**Q** 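Following this message is one structure expressed as structure tokens.
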Amino acid sequence: MKGAGLCRIVPGMMDDPFDLSDDFLPEPVPAADRRARPSWLDGLNPEQLQAVTTTEGPLLVLSGAGTGKTRVLTTRLSHILAQRLAPPWGCLCVTFTNRAAREMRERVGQMIGPVAEQVWLGTFHALGVRILRRHGELVGVRAGFTILDSDDQNRLLKPLVEQAGVDLKKWPLPALMGIIQRWKDRGWLPDAVSKSEASRDAANGRMVELYTAYQQRLHEVNACDFGDLLLHCLTLFRTHPEVLASYQQQFRYILVDEYQDTNVAQSLWLRALALGHRNICCVGDDDQSIYSWRGAEVANILRFEHDYPGAQIIRLERNYRSTPAILGAASGLIRHNSDRLGKDLRAAGDAAQERGDRVAIHGLWDGEAEARWVVDRIDDQQRAGVSLASMAILVRAGFQTREFEERLIMTGTPYRVVGGLRFYERAEIRDAVAYLRLIEQPADDLAFERVINTPKRGLGDAALQTIHLAARAEGVPLLTAARRLLDTDEMKPKPRKALAQFVAMIDEWAALRSAMGPGELTGQMLAESGYLDMWKKDRSPEAPGRVENLQELVAALEEFDSLTGFLEHIALVMENDAKAGQGAAVTVMTLHAAKGLEFDVVFLPGWEEEVFPNRRALDDGGLKSLEEERRLAYVGLTRARKRVFVTHAANRRVFNQWQNNLPSRFIEEIPDEMKEVSSDTGLMAGSHGRSESWSSWNGQWDTSRPPSTGWQERKARFNDREGLSWQGAGKKASSQPSLQRGDRVVHDKFGYGDVVITDGDKLEVMFDTVGRKKVVASFVTVVPDPE
DNA sequence: ATCTTGGCCATTTTT
DNA sequence: TGGCCAAGAT
């Protein structure tokens, strides 16, 4: 009986949730087979051990940075499975990022084998999709629904805002979208938006109206945004208690990572599911809560005991990652926050053996000097035997990566930027995916709009307008309206013929869907639609790369056995692995992206007032935001195992203006005995011969000064000093050695390359990364041959 | 219908 | 500084 139940219920086959009666419980491991202390528990410290083995009842694990949080989670899951306390599909394991989900799956797989595949493990959003794929119809989400990214969301909302007569200048789309998302984060549907909610007043007081219309449109095109993936689940749980009950019964154990980053909707989602067996284990660190701007509520962690009466709490405070000096610096800093549960990190294990180098704080003149200094230190470290892969530059905001990239390119240091454009955010991929979406989901108006005239088919604004009108009049999707228009003479013959062809192609591919795999189908689609040809004919420098990306897309699709599965994957988890460089490279990324990672050596640039703590954050959040910024600083410091370099620049060019900033207050907050402060600003002036322009300089740049006398000159001088000439600045081009075919050159934008053709001052260069380009000779610098 | 120009705006963090 | 959108030219 029990065995039969086990066989029948396999993930993907559980079409009827009512099947999940008591008989799904696994065979318990006979007492004789249970070892007193299974080997996977070896090497855990007492607190970790307790966190792993306290399987029954609600448990909150407060886990400071570097205390083995991931290890606890993976071991706990393995322990539950290995002891047969539940079958794999009886475990729900929620992470915050796809990366964390992947890692956990791998590690658990290594510990206990392939059964790990069957655990319900993923991000909140991915798990929400999984539930909605099965039960979405009950709450108005039809099969094959589309998941929208932020770009799609804006395009959906825009016409609604215009119709409502709201000025887009005054109320920028992203701001309005943000308000809707914050409401969704709190689990509010339009009629649940609280009357006292301040952001109701946005968009001339029509915000709720817009939200309602937006949800209506989502329903019409059968799409969900990220928030909906949870919100619809909550509605499902509320309106269909029998469905909820089946999940409650199924999930005997629930594990949650990064609990401090959950929002209200997520915590409600968890609580609904956990109310069955009440075996929920949440791991988190209130000191690392850095996503409140996105709706995360530290309150969730603070009120855990209230939400789950009788909860146990375990603190993990032994840090195995960082030296005592780094931990001291981090602890000293975070002590300035008032709103915390309070933990004391102690160095333990190997890291505790020596005190370690103090945190180096270094002041520089400007952002460029800072980048140069940082990259010089990277060189030093590398020479001292630290591998590039174990170093990272962590910045506050994405745009700050640029100056470091430029410098790293110049010096030829391999690097990778995490979190740039994702693969699926590239235009060509989005176009191709839009075709696929339209095949999969004919109601997807956003996809229709995107591809109707891509490549050009002579169906421009006028034609689209006609289709829109027809669609609105009849209340049908654009593709349906287009089809009906073909039977009338409302369109001129030319566009009509083009439209007929377009519709016929879509129909043809849709018919082929069952006959061939998604990879093959996509290949055919790209060829027949003319989309691939469009890029092949394109002479612009990036076109070949786009063709390659499309080929890569087809290859990726081969891995899937259904289009549906692929579309879900691409919306939720497709990552930028296209240029995930092989070989060692310095990592450049934002502090947010660095959470959960660790490096031997960490560089933390831009520690200045206004930049970090970030002015805008402070403006709209006051003290609460300051504390979040401080937590961000704490996250940065605690990423390092051995060494931290903090830098600050006196001057920074922001837009077109020079702005001078004071060192960040966070620097002062690091205890003196944990830091070592130095500054370059005096030294640079003295070390540079002609110092008059330096010594008379008052620390501020006159923005009205023509660039040639200030900025460019300084730039040239800096580069001269290092033996690199900067031809772009002046007449020094004569000193440029004549270039010839085969010369190795470096360009400040395109990086390294080999000269292919010379023609006076014009060159054609084959660049290593961006391919063949025409450039002016004065913009490249010859690189001495290393051989 | 597509290409070009000029004015405007902006930079926080992301599943 | 540059990237984006809206309005003009061919």
Side-chain angles (χ1 to χ4, degrees), chain A residues 94-101 122-129 147-151 153-154 158 168-170 172-175 177-178 181-182 184-185 224-230 257-258 261-263 265-266 289-296 367 394-403 406 418-422 424-425 453-464 494-495 498 568 571-576 589-595 606 610-621 625 628-629 631-633 635-636 652-659 703 707 711 749:
Chain A
V94 195
T95 62
F96 201 66
T97 63
N98 293 306
R99 191 187 67 215
T123 62
F124 280 102
H125 303 280
L127 294 163
V129 169
I147 299 161
L148 301 189
D149 62 21
S150 62
D151 199 60
Q153 291 178 41
N154 285 335
K158 190 174 175 193
L168 279 164
K169 289 256 161 30
K170 212 171 153 209
L173 230 29
M177 212 49 246
Q181 286 188 101
R182 291 299 79 77
K184 290 190 174 187
D185 288 341
C224 291
D225 64 19
F226 281 110
D228 285 345
L229 299 177
L230 291 158
D257 193 11
E258 309 279 17
D261 287 330
T262 54
N263 60 37
Q266 287 162 338
S289 159
I290 54 175
Y291 282 102
S292 74
W293 49 273
R294 195 177 119 175
L394 308 181
V395 296
R396 170 69 240 266
F399 68 89
Q400 293 175 277
T401 60
R402 220 189 66 205
E403 55 191 0
E406 283 171 2
V418 175
L421 250 202
R422 276 169 252 238
Y424 75 90
E425 280 169 350
N453 204 26
T454 321
K456 309 275 184 259
R457 312 189 158 83
L459 294 167
D461 287 345
L464 192 56
K494 232 182 182 170
E568 181 181 308
L572 286 173
V573 296
M574 198 71 185
E575 286 175 83
N576 186 21
M589 64 180 149
T590 65
L591 286 161
H592 283 88
K595 195 175 63 162
E610 312 278 291
V611 177
F612 189 39
N614 182 276
R615 158 108 165 284
R616 290 178 73 104
L618 259 46
D619 281 351
D620 49 53
S625 297
E628 179 145 322
E629 294 285 299
R631 289 194 291 269
L632 208 43
V635 167
R652 224 170 256 288
R653 193 177 43 164
V654 43
F655 309 139
N656 209 9
Q657 294 198 320
W658 283 95
Q659 165 187 314
T703 53
W711 167 241
K749 249 216 175 86

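Reminder, nothing fancy here: chain letters follow the sequence lines and each chain counts from 1. The structure displayed is predicted, hence computed values, not measured ones.
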**Q** Side chain of A:W293 only, please: which of C:dA6, B:dT15, B:dT13 is the nearest?
**A** B:dT13
**Q** B:dT15, C:dA6, B:dT2: which one has an atom nearest the side-chain heavy atoms of A:H125?
**A** B:dT15
**Q** Please report, rounded to the nearest Å, how far the C1' atom of C:dT1 is from the CZ atom of A:F399.
**A** 13 Å
**Q** Return whichever of A:A463 or A:T590 has its heavy-atom-nearest nucleotide of DNA chain B closer to the 5' end.
**A** A:A463
**Q** With respect to the phosphate group of B:dT14, does any side-chain polar atom (N or O) of A:T97 fall under 4.0 Å of OP1 or OP2?
**A** no
**Q** Report which part of the nucleic acid A:F124 touches: base, sugar-phosphate, or nothing (heavy-atom distance under 4.0 Å, all strands).
**A** nothing
**Q** With centres under 5.5 Å and planes under 30°, do A:F96 and B:dT15 count as stacked?
**A** no
**Q** If you find the nucleotide of DNA chain B closest to A:H592 and the one closest to A:N453, which residue's nucleotide is nearer the 5' end?
**A** A:N453
**Q** Flag the pair A:K184 and A:D228 as a salt bridge only when some basic side-chain nitrogen lies within less than 4.0 angstrom of an acidic carboxylate oxygen.
**A** yes
**Q** Does the ring of A:F96 carry A:K595 above it, NZ/CZ under 6.0 angstrom from centre and within 45° of its axis?
**A** yes
**Q** At their closest point, which heavy atom of A:R457 faces which heavy atom of A:T454, and how far apart are they?
**A** NH1-O, 3.7 Å
**Q** Kindly compute the distance separating CG (A:L394) from OG1 (A:T401), expressed to the nearest 0.5 Å.
**A** 12.0 Å
**Q** Please measure how far the P atom in C:dC4 lies from the corresponding atom in B:dT13, and state the result in whole Å.
**A** 15 Å
